[in-house]
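Working notes for the structure below.
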Protein chains: 2
Amino acid sequence: MAHDKDDTITGRITRALAERIIAGEFAPGSKLRQDHFAEEFGASHVPVREAFRRLEAQGLVVSEPRRGVRVASFDIAEVREVAEMRAALEVLALRHAAPHLTGAILNEAEAINRAGENAPDVRAWEEANRAFHRLILAPCGMPRLMTAIDDLHAASARFLFSGFRMEWEAPTDQDHRAILKALRERQFDVAAATLARHVKWIGTPPGTKTRSRTAS
Amino acid sequence: MAHDKDDTITGRITRALAERIIAGEFAPGSKLRQDHFAEEFGASHVPVREAFRRLEAQGLVVSEPRRGVRVASFDIAEVREVAEMRAALEVLALRHAAPHLTGAILNEAEAINRAGENAPDVRAWEEANRAFHRLILAPCGMPRLMTAIDDLHAASARFLFSGFRMEWEAPTDQDHRAILKALRERQFDVAAATLARHVKWIGTPPGTKTRSRTAS
DNA sequence: GGATTTAAAATTATAGATAAAATTTAATAT
DNA sequence: ATATTAAATTTTATCTATAATTTTAAATCC
């Protein structure tokens with residue numbers, strides 16, 4: 001029953017590095033040296049290399065053959081790309097999850113949403129946000145889709161923590177409320193449309209931040 | 001210049017194994033032993049392990065810690081999942097690519113489509129099919145989206161070669177024609193809807209194969 | 001003084017070897 | 001004969017060491 005926590009050294013290094021990259025500890029484009037992390041984690045370079053390959057697949061680092069790996073750089077175009085991919089895939093997931101959403105799940109989602117509104121910092125808010133999305137999408141029963149969405153969430157979080165979008169408010173939680181309301185009323189099309197708009201909002205420039213809430 | 005072909009041993013092993021898994025050489029669920037392939041490719045097991053990690057990210061193998069990797073098993077549910085993800089992402093790509101599609105590109109797509117119709121076997125047809133999709137989607141200028149679509153194409157091809165769907169006909173190339181026609185007339189919504197239906201068709205049971213062409 | 005070539009240092013990629021874990025096989029007891 | 005336990009073998013995961021490549025630095029030449 002306990003899901004494999006991937007207790008291997010490669011797994012631990014992968015998780016630790018992913019978290020630090022998302023948190024913005026390394027500048028985009030900076031080199032990641034395998035020997036350095038091998039020493040830091042008290043391991044050899046082999047598991048570090050395997051961790052690099054996993055991070056590469058997640059899009060967190062880019063690897064040039066024989067030149068090592070660098071932290072993936074992301075410009076505004078890539079942020080919007082990730083947002084659009086998320087919108088497309090989360091809508092798909094919601095369409096399949098909606099029929100299986102029970103009242104209990106929606107209540108739990110509402111509680112998570114409240115926690116997000118009271119979050120003291122961006123970090124806590126992002127965690128609540130991710131939990132909210134995951135909770136209402138997971139019942140779709142499509143594992144490959146869920147991992148793809150998870151990877152895109154990580155990329156989004158990286159942007160969120162980068163300070164690119166500085167004035168962090170919690171207004172998107174209003175979108176969450178609207179989504180929950182639509183789901184309770186079995187208005188799946190409305191819920192999907194709101195979710196799409198909500199997800200794409202993260203890639204919009206700060207100045208137009210209200211547009212996405214007024215436009216249909 | 002131009003040596004981003006990943007000339008590393010890890011890259012070669014990854015491509016070779018991916019091709020063989022897609023071709024159905026290994027039974028789904030069968031174990032892949034690293035020492036075996038290390039010997040076969042005349043390499044050590046380290047690059048084999050790195051290749052495994054890449055294949056894992058592509059969804060071609062699954063890895064249980066300390067138990068090795070197995071060829072990913074796919075049931076009909078997973079095939080449909082991949083088809084729906086492809087539909088969602090390819091529609092997104094087409095929407096961004098459409099404005100940049102020139103007449104020359106569409107002519108080339110038509111030539112590829114003809115080649116697909118004259119393909120002697122499933123293998124050649126799939127290659128033409130993949131080239132067709134890639135050609136009209138690549139101008140979207142979203143690299144992350146394109147690699148995601150490529151991975152899903154690989155999973156689809158695996159199903160196609162598995163003999164699950166045996167009676168292979170080339171009727172989907174009619175869909176290709178319809179897509180090209182709509183693109184030439186700048187009817188992007190029609191093109192997107194046709195593409196979505198076309199991609200999802202691969203996951204439908206054989207008996208209902210005509211449904212997707214008659215339904216709107 | 002600036003640019004080009006050469007040498008040195010750092011880093012990646014691979015190989016061979018070792019330890020730990022799991023699966024298989026064998027043996028014993030019921 | 002079947003089930004349970006224990007030994008043996010196979011396989012994975014990791015480490016240390018070596019070879020090859022790239023980057024950095026210096027030195028020489030124009």
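Quantities reported herein were computed from a predicted structural model and do not represent experimental measurements. Lettering follows sequence order; numbering is per chain, from 1.
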Here the distance between atom P of D/dT12 and atom NE2 of B/H36, to the nearest Å, is 12 Å
Check your understanding: Using a cut-off of less than 4.0 Å, is there contact between a side-chain N or O of B/T10 and OP1 or OP2 of C/dA13?
Key -> no
TODO: Could you check whether the rings of A/F159 and A/F74 sit parallel, tilted or perpendicular, using 30° and 60° as the cut-offs?
DONE: perpendicular
Rounded to whole Å, the CZ-P distance (A/F37 to C/dT11) equals 12 Å
Legend entry - Charged N-O contact under 4.0 Å between B/R134 and B/D150: yes
Whole-Å distance, B/F41 CZ to C/dA15 C1', equals 17 Å
Which of D/dT24, D/dC15, D/dA13 is nearest the side chain of A/K31? It is D/dT24
Of C/dA17, D/dC15, C/dA22, the nucleotide closest to the side chain of B/H45 is C/dA17
Checklist entry - In terms of ring plane angle, is the pair B/H133 and B/H198 parallel, tilted or perpendicular, where the classes change at 30° and 60°? => result parallel
To the nearest angstrom, the CD1-P distance between A/I9 and C/dA21 comes to 11 Å
Main-chain N/O of B/R53 paired to A/E50 side chain as donor or acceptor, under 3.5 Å | no
A/S44 has its side chain closest, among C/dA13, D/dC15, C/dA15, to D/dC15
Whole-Å distance, A/R49 CZ to C/dT12 C1', equals 6 Å
B/E39 atom CD is separated from D/dT10 atom P, nearest whole Å, by 14 Å
Taken to the nearest whole Å, CD/B/E64 to P/C/dA22 is 11 Å
In whole angstroms, the gap separating P of D/dT10 from CG of B/D35 amounts to 12 Å
Problem set entry | Geometric class of the B/F37/B/F52 ring pair [parallel <30°, tilted 30-60°, perpendicular >60°] | perpendicular
Per atom distances to the B/R67 side chain, the nearest of D/dT14, C/dT23, C/dT11 is C/dT23
Taking C/dA13, D/dA13, D/dT11 as options, the one with an atom nearest any side-chain atom of A/Q34 is C/dA13
Using a 4.0 Å heavy-atom cut-off across all strands, classify B/G11 as base, sugar-phosphate, or nothing.
nothing
The nucleotide from D/dC15, D/dT12, C/dT12 with an atom nearest the side chain of A/R33 is C/dT12
May I ask you to verify if any side-chain N or O of A/T8 is less than 4.0 angstrom from the OP1 or OP2 atom of D/dT14? yes
